[in-house]
Amino acid sequence: MKFLAITLIVHAPDPVTGVLPSTRDRFREVVGNALLAEELGFDGFGVGERHERPFISSAPPVVLGHIAALTRRIRLFTAVTTLSLLDPVRAYEDYATLDHLSDGRLELIIGKGNGTAQRDLFHVGPEDQWDRNAESYELFRRIWRNDRVTATPRFRPALTGAEVWPRPLQQPVRVWHGSATSRASVELAARYGDPLFSANVTHGIGPYAALVRHYRERWKHHGHDPALATVGAGTAGYYAAPTSQQALAVYRPVFEGQLALQRRMGLEPVFTTLEDFVERSSALIGSPQQVIEKVHRYHEQLGHSVLHLHADAGGLTGTQHRDSLELFQSAIAPALRHGIPDPPWGWGSPAVPGPAAAP
């Protein structure tokens with residue numbers, strides 16, 4: 001099993017102290033967490049893309065480009081790239097450039113994105129957001145693989161023998177499809193033989209497991225080898241301590257602060273007590289053995305080989321955050337790596353650079 005640390009770069013008051021960091025300090029925290037993730041042995045670091053309050057993750061290529069210059073080993077993920085809002089030509093230019101600057105450590109997780117405010121910002125209606133996502137991905141995919149592209153898309157001007165530069169380092173880049181409950185993302189992933197990343201953070205496991213089963217069915221329907229279907233999954237929260245009592249005591253004020261933030265944002269919480277959150281959500285709160293057992297329970301239903309944790313402290317102190325991540329790598333990750341297989345392909349670049357492929 002492989003492990004990512006992911007941030008959506010939420011810019012909000014600390015759920016415990018109420019202190020709001022400056023924008024500059026929040027970005028510095030993100031970079032520091034990426035360096036910590038590499039130091040501790042995480043396999044990847046992901047940066048989300050949102051274009052609305054309270055997120056400041058509107059430019060993941062910029063953030064990942066900076067992180068690429070400061071790291072050497074860790075793979076760099078988008079989480080997710082909202083292709084339904086972007087011009088796929090411009091998105092290709094950004095990410096092909098980042099592919100070179102990171103020495104081929106880039107991986108994309110794409111998705112349509114959520115939120116009315118960001119749709120309004122880009123004048124994208126909910127009625128065609130899925131169509132935009134599929135069209136943008138298909139065009140992005142063709143540009144990545146071909147030196148010249150001719151296409152007549154619905155949502156951007158036509159291309160006639162277009163050359164888009166720079167040409168990428170990885171041929172091709174690996175693209176995951178992020179999905180919570182929509183079958184549209186699953187169908188796109190299965191059709192192209194791409195891996196699926198289940199959001200798996202808002203509700204109990206039921207709807208996510210059903211979607212993963214559908215993905216595997218559609219994967220087989222499209223003629224792909226069932227052994228190569230690959231799933232990643234998120235977690236709603238993480239904090240491990242030597243005992244479950246310690247973990248619950250430390251995490252309780254964090255959970256209560258996050259609950260209050262959701263309500264201030266007008267959201268109706270799914271889990272209203274810490275005990276229910278620990279029991280029914282994908283959160284990994286407890287002793288190392290409890291965390292290991294819960295990941296295995298989820299693996300029985302999802303069959304996932306990649307797991308993401310939150311990169312941010314999110315209400316924990318700096319020492320609590322680091323100690324918990326260190327405990328994950330020393331006492332949890334080795335057992336999971338031993339007991340759950342890796343993805344069925346090498347973790348490095350999906351292919352060495354070579355000549356342009358057919359669309």
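What's counted below: heavy atoms across the whole structure, side chains too, no hydrogens, waters or symmetry copies.
- Not a single donor-acceptor pair under 3.5 Å links the side chain of Q258 to the backbone N or O of F255.
- Taking the side chain to side chain donor-acceptor pair (under 3.5 Å) definition, one finds that Y215 meets it with nothing, sequence neighbours left out.
- Atoms CD1 and OG1, from I110 and T81 in turn, are 8.0 Å apart once rounded to the nearest 0.5 Å.
- Side-chain contact check for S57 and E49: no donor-acceptor pair (N or O, by modelled atom type) lies under 3.5 Å.
- Not one N or O on the side chain of H308 forms a donor-acceptor pair closer than 3.5 Å with the backbone of T7.
- Between atom CZ of residue R216 and atom NE2 of residue H224 there is a gap of 13.5 Å, rounded to the nearest 0.5 Å.
- Minimum interatomic distance between V306 and P343 (heavy atoms only, all atoms of both residues): CG2-CG, 3.7 Å.
- Between I292 and the choices I340, L336, L284, the side-chain contact (heavy atoms from CB on, under 4.5 Å) rule is met once, by L336.
- Between F45 and F77, the ring center distance fails the sub-6.0 Å criterion.
- Of all non-hydrogen atoms in M1 and D342, the two that sit nearest each other are N-OD1, 2.7 Å.
- At a threshold of 4.0 Å, the pair D43-R75 does not count as salt-bridged, since none of the basic side-chain nitrogens sits closer than that to a carboxylate oxygen.
- Remark: side-chain polar atoms of D276 are not paired, donor with acceptor, to backbone N or O of F271 under 3.5 angstrom.
- A ring pair (Phe, Tyr, Trp, His ring centres under 6.0 Å) check over residues 111-136, counting only residues at least two apart or in different chains, returns the pairs H51-F122.
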Donor-acceptor list for residues 61-68 side chains, cut-off 3.5 Å, not counting sequence neighbours:
none

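- Every residue two or more places apart in sequence or in another chain was checked for a side chain to side chain donor-acceptor pair (under 3.5 Å) with S198, and none qualifies.
- Between W345 and W176, the ring-plane angle classifies as perpendicular under the 30° and 60° cut-offs.
- Using cut-offs of 30° and 60° for the angle between ring planes, the H304 and H299 rings count as tilted.
- Note that CG of L196 is 10.0 Å distant from OG1 of T230, once rounded to the nearest 0.5 Å.
- Distance alone, capped at 3.5 Å, places no donor-acceptor pair between the S305 side chain and the P341 backbone.
- The closest donor-acceptor contact from the side chain of Y251 to the backbone of A240 lies at 3.5 Å or more, if one exists at all.
- Remark: D87 engages R156 in a side chain to side chain donor-acceptor pair (under 3.5 Å) (not counting sequence neighbours).
- Formation of a donor-acceptor pair under 3.5 Å by the N146 side chain with backbone atoms of V149 is not found in this model.
- The salt bridge (charged side-chain N to carboxylate O under 4.0 Å, His left out) test applied to E326 returns R322, not counting sequence neighbours.
- Screening residues 228-256 for salt bridge (Lys or Arg N to Asp or Glu O under 4.0 Å) gives R252-E275 as the qualifying pairs, with residues at least two apart or on separate chains.
- A distance-only check finds a donor-acceptor pair linking the side chain of K294 to the backbone of V278 [under 3.5 Å].
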**Report entry** Pair E187-H222, side chain to side chain donor-acceptor pair (under 3.5 Å): steps then yes or no
**Finding:** CA-CA 10 Å; E187 178 62 27; H222 287 291; 2.7 Å; yes
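- For the pair I74/R105, a side-chain contact is recorded, criterion being any heavy-atom separation below 4.5 Å from C-beta on.
- If you chain together ILVMFWY residues whose side-chain heavy atoms come under 4.5 Å of each other, M265 ends up grouped with L261, L267.
- Checked by atom type and distance alone, the side chain of Y239 never pairs as donor or acceptor with a backbone atom of A283 at under 3.5 Å.
- For the atom pair OG1 of T23 and CD1 of I9, the computed distance is 11.0 Å after rounding to the nearest 0.5 Å.
- The salt bridge (charged side-chain N to carboxylate O under 4.0 Å, His left out) check on D312 picks up R26, with sequence neighbours excluded.
- Hydrophobic cluster membership of V10, counting Ile, Leu, Val, Met, Phe, Trp and Tyr whose side-chain heavy atoms lie under 4.5 Å apart directly or via other members: L8, F55.
- Listed by first then second residue, pairs satisfying ring pair (Phe, Tyr, Trp, His ring centres under 6.0 Å) with a partner in residues 135-154 read Y92-W144, Y137-H177, Y137-Y192, F140-W144, not counting sequence neighbours.
- In the displayed structure, R73 atom CZ is contacted under 6.0 Å by more than 12 heavy atoms of other residues, nucleotides or ligands.
- A salt bridge links R90 to E93: at least one charged side-chain nitrogen sits closer than 4.0 Å to a carboxylate oxygen.
- Distance check, rounded to the nearest 0.5 Å: CG of L40 to CG of L325 gives 6.0 Å.
- At distances below 3.5 Å, not a single donor-acceptor pair connects side-chain atoms of T160 with backbone N or O atoms of T150.
- For the residue pair E293 / Q289, a side-chain donor-acceptor distance below 3.5 Å is found, with atom types taken as modelled.
- For R53, the CZ atom counts as loosely surrounded, since its 6.0 Å shell holds 12 or fewer non-hydrogen atoms of other residues, nucleotides or ligands.
- Partners of S84 under the side chain to side chain donor-acceptor pair (under 3.5 Å) rule, at least two apart in sequence or in another chain, are Q129.
- Here the side chain of E135 pairs a donor or acceptor atom with the backbone of R154 at under 3.5 angstrom.
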